[in-house]
Amino acid sequence: MKIEALRLFNVKRFAGRGVAIEGIDDGVNVLCAPNEFGKSTSFEALHALFFQAHTGTPQAVQALRPYAGGSPQVEVDISNGDGRYRLSKQFYAGRSARVTDIGSGRLIAQADEAEAFIAELVRGGHSGPAGLLWVRQGLTGIEKRSKSEEDSEKQIRASLLESVQGEIEAVTGGRRMTEIMANIEETLGGLVTATGRPKTGERYAAALETRSRLEAEEQRLGAEVVSLRQALDQRAAANRRLSELDNAKEREERRRAIETAQAKFEAARSQAESLRTAKAELRLVSEQRETADNALTSFRTALDRAATLTRSRDEASRAHEEAMARRNSAAAAVATARAESDAAETAQQEARTLLERLDRAMRARETAERLTELQDKLATAEDLRRQTEEADAALKLLALPEDAIPRLEKIDLEIVQLRALAQAARPSVEVAYEPQAPGVALDGHPLEDGVPRTYRGMAKLHILGVGTIALNSGATDAGDDRLERLVEHRRSLLDKLGVEDLTAARRRQQDHSRKQGELRELNARFSMIAPEGLQALRQDIAARQQAVSADDPEPEQDPAQLRAAFDDAEQRRQNARSALREAEPAQTLAADAVISAQASLAGIRAELAQAEAIIGPEALRAEHERQLHEKRAQLDAALLAHRQTVERLEGEATDLQAAEATLARLRSVADSASAETARLREQIAALSAEIRSRSDEAVEEKWRETTEALEAAAQRVAAYEREIAILQRLRGALEAARTNARETYLRPVITELRPLLGLLFDDVAITFDDKTLLPQTILRDGQEEDVDRLSGGMREQLSILTRLAFARLLARDGHPAPVILDDALVYSDDDRIERMFDALHRQARDQQIIVFSCRQRAFQQLGGNVLHMTDWAPQS
Amino acid sequence: MTFRFIHSSDLHLGKRFGQFPGDLPAKLREARHAAIGKLAEHARSHGASTVLLAGDTFDTETPAPDVRRQALAEMSHHAPIRWVILPGNHDSLQAAQLWATLHAEAPENVTLAVDPEPIELASGVVLLPAPCTFRRPGKDLSEWFDNAPTPDGAIRIGLAHGGVLNFSEEDGGLDVIAPDRARRAGLAYLALGDWHGGLEIDPRTRYSGTPEPDRFKHDREGEALLVAVPAPSAMPEVSSVRTGTFSWRDMALDLLDGDDAVTRLDALLPEPRARRQSLLNIVASGRARLEGRSALAAWIDELRPDFAHLELHDDALETECDAGDLDAIDRAGALREAADALLAESEDAQLSQAERDIARAALARLYAQAQVIAP
């Protein structure tokens, strides 16, 4: 936003008239005029337009009104990115606020809407630090303050810390924020510690303590009340019970009941006694009757038994006799069989003897025939022996030494070889005949065409028609000796053998082999006839001749007949044996049957004797039985009578145990009633003591009181908790806002401020704490100085620079706002002012700065756009 | 001849009021004792011979000895007025010790109606009492009235303690008294106790209410009934007499946006002298601005010493807040930032009601603080 013109009417000293400051430009604008010329009035009017609602009449508005009264009227032309607008406000009578578009003259907004438009301008999109940009005579803000406060401005601004801090904290809520925070902290501190725990000794902790104390108290008293009520209930129950028990009528009833029960019990006891006696008698009679019954029964049994046994005895005797008869007949059968067996044995013996004799005669005939055969064999064997001996002798004549034939063959081979050798060493003659040529003979033998012929030493070649040609080889025949010796040797050898030549030798050997075969055949035949030799054969013959020599009978009868007779005898013997073997066991069985029949008979007889001993002689038996029967009938009658007696008594008897139990129960009822009465009296006494003491303590009243107090205490604690929550929430909100403001503005402002400081204070360096953003140290000429020791001039310069820095920040955020200075530099010396002007101009490159000053001379140096006040009256 | 008597109940003598701080409990307790004297005074001035106490004369089954003795002494002092004390649920017959002691200590003019048997109050006037046997009897103890024998022509007056239908000071159960008992039993009048606010069930059946209020529930002054029975079948003439010392009230303060809460409150309050004996709960509802709310709270704080007890309940009071209210905190800067944040939070539907309430209260507190510390 930029201010273009300011007009005011009927404001303060301009009663009934108006002034206008037109042509306010970008950059530095200066309105220099002496004091009381209306600068401050203009400043205040401008401020009111922006910050005072047209409807209200707060002090700031009242201050605008001339003494004469009337309605102050302020008008400002502004321009911003959206366009150019005229803002006008009239206070008091005819109050109004209007915004018109300067270009079109159109009314854009009025009344509250106009206020909202203006507020939006100064808020600049941020939560408005716009107030910061207004600086007046030694003051640092437009904050309202009391007169005395304004007077003590010097003291308030005594330190640089506050100077800068003060400007900046207008953003962070400033003094009020600090105070509110302090108040909250104080209140909160009175409740909880920094960590949020109840603070000991303070109200909240005390409330908590009260509550827990009351809780414990309430529980204790509640328990006491419960126990008191229980005691009351118990005592009431005990009293009720006691009055029931102690009732005289009931006591009498109990006594009478016991007496009745006692009488009943006695009666039952005597009845029980008679019953027991009757039962004993009944038992006795019952036993006697049992005995009689037994006697009768055993007599009758013995009688039956005797009859049965008599019949058995007769049967046994018959069986015994039969067995005897069977034994005797079996013995006769055995004797007959044995006689037949003996006869058959004898016959068989005779037949066997005859048969043996026949066998001997047959064997003797056979031996004689064998001896004749052996004697023939001996004769043949002796003949063969003689022939063998002859063949053996002939063979010996034909025999040659074993190696004779091979030796001869070897010598012959050598001779042939030697002869061939000699032949090869000799000269040879071969004739190739011409046709019709006469034949040539060598040593008499014609030479054939083309056939070589040898010769030894000297030879004669005879050619027909030519003569004889002597051929002399000139060499002797050297190998002939050996050949001749070999031929000689062969000769002697042949002679020794007695053969002509090798062929003859071989023939002789073949004869020898043939003769050998004949000899082997002879030997084989001999072995066949007399395998054990002649001697053995001769001995065999001699032995047989001896055996034959004994006198052997000739067989008399037909052997077949004899054998059949023997077989018959044998058959007869075996049959007889079988018959005997069959008869013998029958005899044994019959004997055993006799023995067993005898034993059975003896047993029956003994038993019969026993039975007869019981029943006595036959004549007395019927009488005896009648007596026994009569006795039993008598006892039966007695038993019935006794039984009836017992039954009657049992029917009459009352239950003794029940009577006794009733009596015992009634007695115990009475006993326990008196015991309970005593116990109840004790219990009531104890309870009464307890109740009395608690009643006197008024425990229930205390309990109710405590319950109510506890409820109140709990509410109080809840109220404190809510209070704490509210305070904590408020503190949180405030801290968050302050932190946010610091983050949003302070840090950037410090950043903006640093170059400006450098511009103004070349000899001073100010450092800021990054965290608190407060000036920390001042270095002047290398000396560290106390931050409080800044001059007034320096403080106001810092104040202006801070605002300039702020304005820059706003401009940079896209919300440029004018900086308005009303005699802001009163303490600064000229040198400093010039530097300050430099700073202003530097800033003013992108910033509108409006300076009101009375120091005309000094501000001539500032330059910039000089503004003038002109008379003005509103239209209409 | 007309029979006149005072019907009262629920004196709750000895009640301690532990919920209040300071000496108020003692005063309240003393006021209960003083009710005896007031009842006697009314009896005397109206020519009533008898005071019927329909139960809960004592607050507990074991009242402190001083409570008991001083009560009896006070009653004795007012002879020949006859006092009939009926056991109620707070002082039922289960408290045998109490009744035994009372029996031993009671003066001649005090009758203990501890048995369900007719009592002759005057010639031709018979009282049928239904004493509470237990804290919770579990049955209608007045049933025996129906067939209770009384001389011909006698005025029958019933005396009972407990709820009618489900209408009881404490949780009702089986032990409800038949509401038409008076008609059924031919009673001229049935004097009931238990309900602490006076109440007419029918022309012959009434709760007297307590002579000295002890809670905020009923919004009635302490009173007793003066009953005149001209004849057995005649309608009783009943009038209320004032007995209360302290007044207990819940006062609704319904505000609209723009109402001046302080003015509205002042219009409701009793005159200054009566405040000393007033216990007031101001229950604020409706809507108020930060300023109004703040002012109301401050005004209550200011007024509190006037009263025996004064409490503001503003949970139901919605806070209205607009830009003007926020401007009153600050037009700009961090304070305004904080105020805006709290306002947004108090209207944030995402948050729980409790969190919104806290935020709103924090905003109100900020407003109040900002007013104290002027810009």
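Reminder, nothing fancy here: chain letters follow the sequence lines and each chain counts from 1. Fair warning: this is a prediction, and the values are worked out from it, not measured in the lab.
Within a 6.0 Å sphere centred on CD of A/E113, other residues, nucleotides and ligands contribute 12 heavy atoms or fewer. By the 6.0 Å contact criterion, CD on A/E711 is open, its count of non-hydrogen atoms from other residues, nucleotides or ligands being 12 or less. More than 12 heavy atoms of other residues, nucleotides or ligands sit less than 6.0 Å from atom CZ of B/R249. For A/E115, the CD atom sits in a packed shell: over 12 heavy atoms of surrounding residues, nucleotides or ligands are nearer than 6.0 Å. For B/E311, the CD atom sits in a packed shell: over 12 heavy atoms of surrounding residues, nucleotides or ligands are nearer than 6.0 Å.
Of the listed residues (B/P25, B/A354, B/P63), the one with the most heavy-atom contacts under 4.5 Å to chain A is B/P63. Put simply, of B/T101, B/L98, B/D59, B/D357, the one with the most heavy-atom pairs under 4.5 Å next to chain A is B/D59.
Looking at A/L228, only its side chain comes within 4.5 Å of chain B, counting heavy atoms on both sides. Within the 4.5 angstrom heavy-atom criterion, only side-chain atoms of A/L727, from C-beta onward, approach chain B. Residue B/D66: no heavy atom, backbone or side chain, is found under 4.5 Å from chain A.
Between B/E345 and A/R729, at least one side-chain N (NZ, or NE/NH1/NH2) sits under 4.0 Å from a carboxylate O, which counts as a salt bridge. B/R29 has a carboxylate O that lies under 4.0 Å from a charged side-chain N of A/E701, or vice versa, which qualifies the two as a salt bridge. In summary, B/R365 and A/E723 engage in a salt bridge, as defined by a charged side-chain N under 4.0 Å from a carboxylate O.
Taking both residues in full, the closest heavy atoms of B/I358 and A/A725 are given as CD1-CB, 3.6 Å, listed atom of the first, atom of the second, then distance. Contact between A/E700 and B/E61 at its shortest, heavy atoms only, is OE1-N, 2.9 Å. Nearest heavy atoms, A/A737 versus B/A338: CB-N, 3.7 Å. Shown here for B/A361 and A/R722, the closest heavy-atom pair between the two residues is CB-NH2, 3.7 Å.
Counting only heavy atoms from C-beta outward, the side chains of B/Q94 and A/L232 never approach each other to under 4.5 Å.
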Please walk me through it: do B/H90 and A/R704 pass side-chain contact (heavy atoms from CB on, under 4.5 Å)?
CA-CA 12 Å; B/H90 276 253; A/R704 282 180 191 275; 3.6 Å; yes

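Between the side chain of A/E708 and the backbone N or O of B/G18 there is at least one donor-acceptor pair closer than 3.5 Å.
Each of A/L730, A/I726, A/I184 was evaluated against B/L366; a single residue qualifies, A/L730, per the side-chain contact (heavy atoms from CB on, under 4.5 Å) test.
With rounding to the nearest 0.5 angstrom, the NZ atom of A/K702 is 10.0 Å from the OG1 atom of B/T62.
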